Protein chains: 2
Amino acid sequence: MNETAERIVDLAELAIATKGYSAFSFREIAAHLDIKSASVHYHFPTKAHLGLAVAERYRARYEVALQQIAREQISPINALDVLVNIYRQQISGSERMTVCMMLAAEINQLPREIQLEMRAFYQLNITWLQALIQRQHPQLNVGAASIRARQIFALLQGAMMGAKTQKDEDYFEHAIQAVSILLNQ
Amino acid sequence: MNETAERIVDLAELAIATKGYSAFSFREIAAHLDIKSASVHYHFPTKAHLGLAVAERYRARYEVALQQIAREQISPINALDVLVNIYRQQISGSERMTVCMMLAAEINQLPREIQLEMRAFYQLNITWLQALIQRQHPQLNVGAASIRARQIFALLQGAMMGAKTQKDEDYFEHAIQAVSILLNQ
DNA sequence: GTCTATAATTTGATAGAC
DNA sequence: GTCTATCAAATTATAGAC
C-alpha cells in the first residue's frame, strides 16, 4: 500500500469512526486529498474494498498493541489500564467514535467480509481479556474467564457510546470505574 | 397521529433499529405500506420529522414502562431484571438493534432535535437506575449512585451491541450477569 | 390522503485520455 | 496515478391532479 492509499485509509477510518460506513463517501475522502473520486477508485475499486482495508488495518494495529502489552509483563490491572487508555485516546477531545463501535452498530449493513473482520476484532479483544483475567485469577476456568471478558468489553464499548452520545467524557470515566470491580471479582 | 402515521412510525422504528437513521429511506417505508414515498411525506414532511417522531415515541414508551416498574414496588434486583428483560426482548430473535443504540452510534449525523431526544432518553434511564440503586443502597450518596447507574447502563448497551455483532445471544446473557454484580457492590 | 411527475442532489462506479 | 466525463441508481423533497 503506497502513501496515497495509506492516506485514503486514514481518512476513511476517521470518516467511519465519525459518521459510519453508510454515511461516508468516496467524494468526501477525495476532496480532503484534493483529488477526484475516480482516483480513489483506482486505489480501492469498491467501497467494500476500502471499508475492509480500514477494518483490517484497525485489527492488525490492535493485534500488535495487545501483544506488546502482553510482552511487557506488567500486572493484569495495569495491562487493563493500558487497554482502556488506548480506547480513551481514540475518543477524547473529538466527535470520533471508534471504528469498532461504528461498524458494530452497522453490522447488518456491511459487506460480509467486513462483518467477519469485525467479529474477529471482537474475538481478539475477548481472548486477550480472557488471558488477562486468568492471570489475575489463576483458579478460574476458561468459561468463567471468557464470560468475565465479555462483561468488561461490553462495559468498555458502552462507556464510549454513552460518553459520545452525552458529549460528556466523565461518562466514560465513571463507567470504566467498574472495569476494575469486574476484574477483581 | 392517525393509523397510517402510526404504521409509518412503526416501520421507521424497525428500520432505524436495524439499519440506522442514515441508511433508511422514505421509499423503503412506503413500499412496505404499498403506498408512494410522496404519501409518507404527507404525514411527515421531512426525514428529521419522522426520525424525531420515532425517538419521541420510543422515549415516551420507556417513560411509561419505567414508571410502571417503579409503581409495582418490587425489589431493586427484580426491578432491574424487568428492565433488562425489556431490552432483551427487543433484540432477541432478530437482526434488530435498539433504537437507542443505533441513534447513539449515529449521534453526529442526526438533526439537533433528535440528538437532544437521545440525550433525554439516556438521562431517563440513568436517573431511573440511580433511584433504584439508592433503594438498594440507602447509605449511598447521589453522586455515587449516578456513577453506578452509568456503569450499569453502559454494560447493558455494550451487551446488546456485542450480542448483535457476534450474532450470539449468549454474549448478551454473559455480559449482563455483571449487572447484579454492580448493583450489589 | 394518495397519486404522478419531477426537480435537485448525491452516490458508487466505469471508460478512456493524458 | 490522476483527470474529465459520464452513467445508473437512489435519495429527499415538492407541485399539483384526483
Side-chain angles (χ1 to χ4, degrees), chain A residues 1-56 99 102-103 106-115 117, chain B residues 1-56 102-103 105-115 117:
Chain A
M1 201 160 54
N2 68 21
E3 202 193 303
T4 304
E6 202 89 44
R7 274 192 289 172
I8 289 170
V9 176
D10 287 342
L11 289 168
E13 176 176 327
L14 178 61
I16 288 174
T18 308
K19 318 167 61 176
Y21 181 83
S22 292
F24 97 91
S25 76
F26 271 48
R27 277 186 168 74
E28 168 202 353
I29 304 288
H32 274 101
L33 289 171
D34 257 307
I35 58 177
K36 298 296 168 182
S37 73
S39 304
V40 179
H41 277 282
Y42 167 80
H43 295 279
F44 299 95
T46 70
K47 191 175 181 178
H49 284 92
L50 177 50
L52 184 59
V54 169
E56 281 176 345
V99 170
M102 286 303 312
L103 294 185
E106 292 178 292
I107 193 82
N108 297 322
Q109 294 292 106
L110 301 178
R112 191 75 65 192
E113 299 85 18
I114 306 184
Q115 287 182 354
E117 192 60 35
Chain B
M1 201 161 53
N2 69 22
E3 202 193 302
T4 304
E6 202 90 45
R7 273 191 289 172
I8 289 170
V9 176
D10 288 342
L11 289 167
E13 176 175 327
L14 177 61
I16 288 173
T18 307
K19 317 168 61 174
Y21 181 83
S22 293
F24 98 91
S25 77
F26 272 48
R27 276 189 166 75
E28 167 202 353
I29 304 288
H32 275 101
L33 289 171
D34 256 304
I35 59 178
K36 298 296 170 182
S37 73
S39 305
V40 179
H41 278 283
Y42 167 81
H43 296 279
F44 300 94
T46 69
K47 191 175 180 177
H49 284 91
L50 177 50
L52 184 59
V54 169
E56 281 176 345
M102 286 304 312
L103 295 185
E106 292 178 294
I107 194 83
N108 298 321
Q109 295 292 106
L110 300 178
R112 191 77 63 192
E113 299 84 18
I114 307 184
Q115 287 182 355
E117 192 60 35

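In this text, all values refer to a predicted model and were calculated from it rather than measured experimentally. A note on names: the letters A, B, ... follow the listed sequences, proteins ahead of strands, and every chain is numbered from 1.
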According to the interplanar angle, ranging from 0 to 90°, do the rings of B:Phe26 and B:Phe24 count as parallel (below 30°), tilted (30 to 60°) or perpendicular (above 60°)? parallel
Among residues at least two apart in sequence or on other chains, which ones pass salt bridge (Lys or Arg N to Asp or Glu O under 4.0 Å) with B:Glu6? B:Arg57
Is the shortest side-chain heavy-atom distance between B:Pro111 and B:Tyr21 below 4.5 Å? yes
Strictly below 4.0 Å, heavy-atom distances to any atom of DNA chain C: list the hits from residues 8-22 of chain B, or just say none. none
Quick one: does B:Glu117's side chain have a donor or acceptor within less than 3.5 Å of a partner on B:Leu52's backbone? no
Pairs satisfying side-chain hydrogen bond (donor to acceptor under 3.5 Å, both in side chains), at least one member in residues 38-54 of chain B, at least two apart: B:Thr46-B:His49
Select base, sugar-phosphate, or nothing to describe what A:Ser39 touches, counting heavy atoms under 4.0 Å on all strands. base
Is the distance from OP1 or OP2 of D:dG1 to the nearest side-chain N or O of A:Tyr42 less than 4.0 Å? yes
B:Leu33 has an atom CG; how far is it from atom P of C:dC3, in whole Å? 10 Å
In whole angstroms, how far is the P atom of D:dT2 from the NE2 atom of A:His32? 17 Å
With sequence neighbours left out, the residues meeting side chain to side chain donor-acceptor pair (under 3.5 Å) with A:Glu28 are A:Lys19
Could you pull out the protein-nucleic contacts involving nucleotides 13-15 of chain D (nitrogen or oxygen on both sides, under 3.5 Å)?
unit_1	atom_1	unit_2	atom_2	d
D:dA13	OP2	B:Lys47	N	2.7
D:dA13	N7	B:His41	NE2	3.4

Check for a donor-acceptor pair, side chain of B:Glu13 on one end and backbone N or O of B:Val54 on the other, with a separation under 3.5 Å. no
Residue set satisfying salt bridge (Lys or Arg N to Asp or Glu O under 4.0 Å) with A:Arg27, at least two apart, ordered chain then number -> none
Distance in angstrom units between B:Ile35 CD1 and C:dT2 P, rounded: 5 Å
